[in-house]
Each structure stands twice: as C-alpha cells, then as structure tokens.
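First up is the structure itself, then whatever we jot down about it.
Each chain gets a letter, A, B and so on, in the order its sequence line appears, and its residues count up from 1. These figures come from a predicted structure and were not determined experimentally.
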2 protein chains.
Amino acid sequence: MSPTPEQRRAARHQLGTATAAPATRRGPSGGRKKPITVEAIISTAFGIVEREGYDALTMRRLATELETGPASLYAHVVNKDDLDELLIGRLCAEITLPTPDPATWRAQIISVCTQLRDQYLRFPGISRATFAAAPSNLDTLRVGEGMLAILLAGGLAPQVAAWAIDSLNLYVNAFCLEVSVARTRRSSSEDDWVLSHAEALERFAALPEDFPQTKRYAAELTGGTVTDRFDFTIGLMLDGLPGA
Amino acid sequence: MSPTPEQRRAARHQLGTATAAPATRRGPSGGRKKPITVEAIISTAFGIVEREGYDALTMRRLATELETGPASLYAHVVNKDDLDELLIGRLCAEITLPTPDPATWRAQIISVCTQLRDQYLRFPGISRATFAAAPSNLDTLRVGEGMLAILLAGGLAPQVAAWAIDSLNLYVNAFCLEVSVARTRRSSSEDDWVLSHAEALERFAALPEDFPQTKRYAAELTGGTVTDRFDFTIGLMLDGLPGA
DNA sequence: AATGACATAGAACACTGTTCGTAAAGGGCG
DNA sequence: CGCCCTTTACGAACAGTGTTCTATGTCATT
C-alpha cells in the first residue's frame with residue numbers, strides 16, 4: 001500500500017520505519033500537468049508565502065494554485081499543522097551546518113542563526129508555524145544537532161550548550177515573527193509606509209511628561225536597523241557564554 | 001457625544017485628547033444585570049483565557065458569556081485586534097515598576113521580567129496577542145519606560161539599554177508563547193500527559209546514528225524546569241551587559 | 001407627549017480548516 | 001481482451017471564525 005499522510009508524518013518523527021512504494025497512479029483528472037505530489041504542494045506553498053506572506057497560505061488558496069479543490073490536499077497532507085511542519089522542515093533542511101571548529105565556534109553558531117533568520121524573513125510570517133511545530137521533526141532536530149556539536153566543540157558544558165541552543169532558537173524565531181508582523185502592519189495600515197522610523201520617533205517625542213526616559217532617548221529606542229538589533233542580541237547571549 | 005471605540009483606541013495611543021462623557025444609556029435589554037461596558041468585556045475575556053486558554057477567546061464565546069450576540073461587542077471594541085490590545089494593556093498595567101536603584105538594577109530588571117512572565121503564563125496563549133499588538137500602547141510604553149529607567153540607572157549606555165529592553169521583552173514573550181503552546185499540545189494530544197519528560201528523553205535516545213550529540217546529551221536537552229530555562233536565558237543576556 | 005440619539009442584537013456575508021461521498025483512471029487478474 | 005478493485009481526485013457540505021448591515025427597543029431631552 002502507498003503511505004498514507006499519517007504514516008509519512010510518523011516517519012518524519014522517527015516513530016515508524018520507512019515505507020517505500022512509489023505509486024504513480026493517476027486520478028480522474030487524467031494526464032494533468034502535474035500529478036499533485038507532496039513536493040508540488042510544498043513548493044507552491046512556499047511560493048505563496050514568499051509572495052503574499054504566511055497569512056495568505058490557506059488550504060483553499062493553495063488548492064486553487066494547484067488547480068484543484070481543498071479536499072484533494074488531504075490525500076497528501078494530514079492537516080494544516082502537518083503542512084506547516086513540512087514547510088519548516090524544508091526550511092531547516094536548507095541550513096548548511098559547518099563542521100565544528102573549536103577556534104571559530106562563535107562565528108559558526110552566528111552563521112547558523114543568521115541563516116535561520118534569512119530563511120525565516122524570506123518567507124514572511126512563517127515563523128508562526130515554527131512556534132506551533134513540535135520539536136521532534138527530523139529536519140529540525142538536524143539543525144539542533146549541528147548547533148549542539150558547535151557549542152560542545154567550543155568547550156561549553158553540555159547543560160549550558162543545550163539551554164543556549166534553546167534560547168537562541170527561541171529568540172531567532174521571535175525576532176523574525178516580530179519583524180514580519182511589523183512589516184505587514186506597516187504595509188497594510190496606511191498608504192504611506194515610508195515614514196515608519198520618523199513617525200515612531202515623533203510619537204515618542206510627543207509623549208506626556210510621565211515618560212521622561214522614553215522621550216529623551218526616543219532616537220535610541222527607534223534607532224538601528226533590523227540586523228543591528230539581531231546582531232546585538234545574539235552577541236549579548238554569546239558573550240555571556242563561557243567559551244574557549 | 002460618547003466616545004466611539006475608535007476614539008478610545010486613539011486615546012490609548014496618545015493620538016487624540018481625552019474625551020469624558022460617561023453616557024449611561026440603556027438599550028433594548030432594559031434593566032439587565034450588567035450594562036455591558038468595556039470593563040465587563042475585558043474582565044470576562046480574561047476569565048475565558050484564564051480558564052480555557054487564548055484559543056477559546058472568540059467574539060462569539062465572549063458574547064455568549066455576556067449573554068448577548070457578537071455584534072453587541074463592536075459598539076465598545078473596534079475589532080478583535082483592539083480587544084487583544086486592551087488585554088495586553090491591562091496585563092501590563094498590573095506590573096509594578098520599582099524605583100530605579102543603581103545598586104540592584106539587575107535584580108530589578110529581573111523582577112520586571114519575572115512579573116511579565118507570570119502574568120503571561122497565568123493566561124495561556126495570550127502572548128500571541130502581544131506579538132500582534134502595536135508597541136505604541138500607553139500601558140505597554142509604561143513598562144518600557146520603567147525598564148529603561150532601571151537600565152539607565154544601572155549605568156548602561158542609552159543605545160545598549162534600548163536594545164536590551166527590546167531583546168528582553170521579545171524573549172519573555174516568545175518564552176511564554178512556547179510554554180503555552182507546549183502545554184496545550186500536551187494536554188490535548190494524548191490522554192496521558194504525565195510522561196512528557198520521560199517520553200521526550202526516550203525519543204531522543206532512540207534517534208538514528210547521525211544524531212550522536214543529541215543522543216548522548218538527551219538528558220541535558222530535555223532537562224531543567226521551565227523556570228530554570230527562563231532564569232538561564234535572562235541571566236545570559238544580563239551577564240553580557242556591561243553594567244555598574 | 002413627541003423626538004431623536006444610541007446601545008443592543010438578529011441575521012447574514014465572506015472567510016477558515018476539515019470531512020463525506022462519489023466519480024474517474026489505472027493496474028492486476030481471469 | 002475485459003472485468004474488478006484499489007487508488008486518486010474533487011464537488012459539496014459542515015462547523016467554526018471575524019465582521020457588518022439593519023432594525024428594534026429604550027432612554028434623555030425638547
């Protein structure tokens with residue numbers, strides 16, 4: 001028998017054994033352009049998210065893009081959460097993990113975090129799916145394994161390394177989610193999206209008297225690029241780690 | 001005229017001036033038990049979230065709890081996002097901000113973060129609303145002002161303090177969101193929710209051979225209480241700060 | 001007393017994820 | 001070759017969601 005979506009999902013979580021069987025049967029649509037595989041679903045889903053953001057990724061929208069109805073997707077995907085998990089798995093699979101080097105472990109872990117950030121920001125809002133996804137996915141675990149290897153090579157205690165990985169992953173996800181939300185809000189609220197920084201500074205400066213520090217340091221609070229803040233926090237976390 | 005929900009919301013974002021006018025008119029329900037004010041909406045919303053989680057907070061559920069229809073809520077609240085903003089505003093209003101003390105600035109900022117964490121975890125899943133809420137809310141800004149004052153009293157450079165506040169807030173929100181998601185998943189997936197730690201450890205130990213570090217340090221990866229991880233990361237960030 | 005303002009809802013719209021039942025296509029078998 | 005039966009595909013529908021239109025009943029005011 002060909003693998004049901006449930007079996008596929010279990011295999012991704014190292015629960016069941018691998019099931020082969022290619023199964024290239026065709027349906028009532030005859031010789032269509034594309035036989036609607038899981039791969040096709042994932043790639044078109046990424047296309048939608050990249051173009052219109054994660055909020056636009058609905059089962060109906062995805063089905064329309066594949067020229068079919070929503071019910072057809074459920075033959076290849078358990079549900080929306082399963083699709084989300086497939087997406088973040090694919091995303092994590094794109095991360096290149098360096099071979100651990102004790103001399104440059106900080107630069108190596110920064111590289112992994114930066115790759116994750118770039119991938120997340122490339123597909124706006126997809127980090128929301130990361131929060132909902134269970135951490136037992138094999139592709140996700142692969143990134144964790146790579147990060148753990150880097151930190152251990154850096155001489156960190158196992159417990160410190162484990163918790164640091166958790167913190168870094170959590171921060172990267174949250175950072176990308178916030179950036180994505182801010183961008184969609186900026187582009188949808190008012191027509192003029194350019195005055196984001198200037199307007200924020202002006203508002204902070206126009207606050208009442210019981211916000212003295214916020215008023216005085218409005219420039220610092222609203223200043224800095226996206227990457228500035230990211231680099232600052234990652235550096236903050238890594239500087240606190242007692243590495244070799 | 002009585003303030004429309006839009007005017008209320010603008011006032012919360014320091015845009016318009018304050019508008020008084022209590023306006024105790026009654027509707028077709030006559031002398032009902034409660035005249036359905038914004039305050040009543042907020043408090044019952046908090047009750048729903050505290051009991052059943054943020055996912056259960058729908059406009060219909062909230063209206064049913066208030067013994068009315070969904071449309072009645074829109075006379076007091078702009079939309080669901082506005083309600084979310086009211087909730088996190090109220091949440092932030094509960095935070096007690098210490099008067100800055102240069103000697104104990106680390107303990108003070110930890111206290112604020114811990115208060116935020118406890119408030120968020122008390123209402124499971126509400127941190128999702130925090131990500132969506134604009135940072136220009138007055139109640140939110142009050143907490144930011146307090147944190148900024150503490151860090152400045154600690155001798156930090158304004159730019160460092162500003163970015164550190166951002167990082168800390170972001171991490172606290174993400175941490176609480178992840179904890180809430182994990183808890184709801186654990187309680188809804190299978191009947192036996194007790195074996196969370198043991199099962200996670202067993203799965204990590206049963207991984208294939210290409211996960212050597214994850215297998216070896218499964219105990220460290222799955223170990224530690226919720227507060228352990230929280231304290232670790234907050235400490236990590238604060239230790240990186242060059243304070244007095 | 002009549003009037004107009006206003007909080008209150010009932011019904012409906014456009015969505016969402018998901019499932020049921022059915023129709024079409026292909027391979028394995030007699 | 002022709003039949004059956006598994007597998008895939010998909011239209012229709014269900015239970016939800018946020019939101020809006022419209023009408024209704026009640027109050028304070030003229």
Side-chain angles (χ1 to χ4, degrees), chain A residues 1-8 19 21-41 45 48 52-85 125 128-129 132 188, chain B residues 1-8 19 21-41 45 48 52-85 128-129 132:
Chain A
M1 57 181 171
S2 69
T4 70
E6 285 81 0
Q7 295 171 334
R8 240 197 342 83
T19 56
T24 60
R25 305 284 177 82
R26 299 286 164 78
S29 64
R32 279 264 297 285
K33 301 178 179 180
K34 301 195 174 184
I36 192 175
T37 65
V38 181
E39 207 61 29
I41 291 179
I48 293 175
E52 312 174 30
Y54 180 76
D55 287 330
L57 180 65
T58 69
M59 299 300 266
R60 281 180 167 79
R61 178 88 178 71
L62 184 54
T64 305
E65 199 100 337
L66 289 163
E67 301 178 55
T68 178
S72 306
L73 303 176
Y74 287 85
H76 307 88
V77 159
V78 178
N79 49 24
K80 180 93 198 307
D81 288 339
D82 186 32
L83 174 63
D84 290 342
E85 192 179 295
R128 193 175 329 152
S188 69
Chain B
M1 55 183 171
S2 69
T4 71
E6 285 80 1
Q7 294 171 335
R8 242 196 340 84
T19 56
T24 59
R25 306 285 178 80
R26 297 287 163 78
S29 64
R32 277 261 300 283
K33 302 178 178 179
K34 302 196 173 182
I36 191 175
T37 65
V38 182
E39 207 61 29
I41 290 179
I48 293 176
E52 313 174 30
Y54 180 75
D55 287 329
L57 180 65
T58 69
M59 300 300 268
R60 280 179 170 78
R61 179 87 178 75
L62 183 55
T64 305
E65 199 99 339
L66 289 163
E67 300 178 56
T68 177
S72 306
L73 304 176
Y74 287 86
H76 306 87
V77 158
V78 179
N79 50 21
K80 180 91 195 311
D81 288 340
D82 185 33
L83 174 62
D84 290 342
E85 193 180 294
R128 194 173 329 150

Inset, instruction - Verify the contact: side-chain N or O of A:His76 to OP1 or OP2 of D:dA9, cut-off strictly under 4.0 Å; return yes or no. - result: yes
Inset, instruction - Starting from P on D:dT7, measure out to CD1 on A:Ile36 and report it in whole angstrom. - result: 18 Å
Legend entry - Where A:Tyr54 and A:Ala129 come nearest, the two heavy atoms and their spacing: OH-CB, 3.8 Å
Legend entry - side-chain N/O A:Thr68 vs D:dC10 OP1/OP2, d < 4.0 Å: yes
Inset, instruction - With the side chain of B:Ser72 defined as its heavy atoms from C-beta on, choose the nearest nucleotide among C:dA7, C:dA9, D:dC10. - result: C:dA9
Inset, instruction - In whole angstrom, give the distance that lies between atom CG of A:Asp84 and atom C1' of C:dG17. - result: 12 Å
Legend entry - Ion pair B:Arg128/B:Asp84, N-O distance below 4.0 Å: no
Inset, instruction - Measure from the side-chain N and O atoms of B:Ser72 to the backbone N and O of B:Thr68, and report whether any donor-acceptor pair falls under 3.5 Å. - result: no
Inset, instruction - Rounded to the nearest angstrom, tell me the gap between atom CG in B:Leu73 and atom P in C:dA7. - result: 14 Å
Legend entry - Partner residues of B:Arg61 under the side chain to side chain contact (heavy atoms under 4.5 Å, CB included) criterion, sequence neighbours left out: B:Ile48, B:Arg51, B:Glu52, B:Thr58, B:Glu65
Inset, instruction - For nucleotides 13-18 of chain D, just jot down a letter per nucleotide in 5' to 3' order: B, S or -, based on protein non-hydrogen atoms under 4.0 Å. - result: B---BB
Inset, instruction - Could you state the atom-to-atom distance from CG of B:Leu62 to P of C:dA9 in whole Å? - result: 13 Å
Show me the donor-acceptor pairs, under 3.5 Å and distance only, between side chains in residues 73-80 of chain B and residues at least two apart or in other chains.
unit_1: B:His76; atom_1: NE2; unit_2: B:Ile36; atom_2: O; d: 3.0
unit_1: B:Asn79; atom_1: OD1; unit_2: B:Asp81; atom_2: N; d: 3.4
unit_1: B:Asn79; atom_1: OD1; unit_2: B:Asp82; atom_2: N; d: 2.9

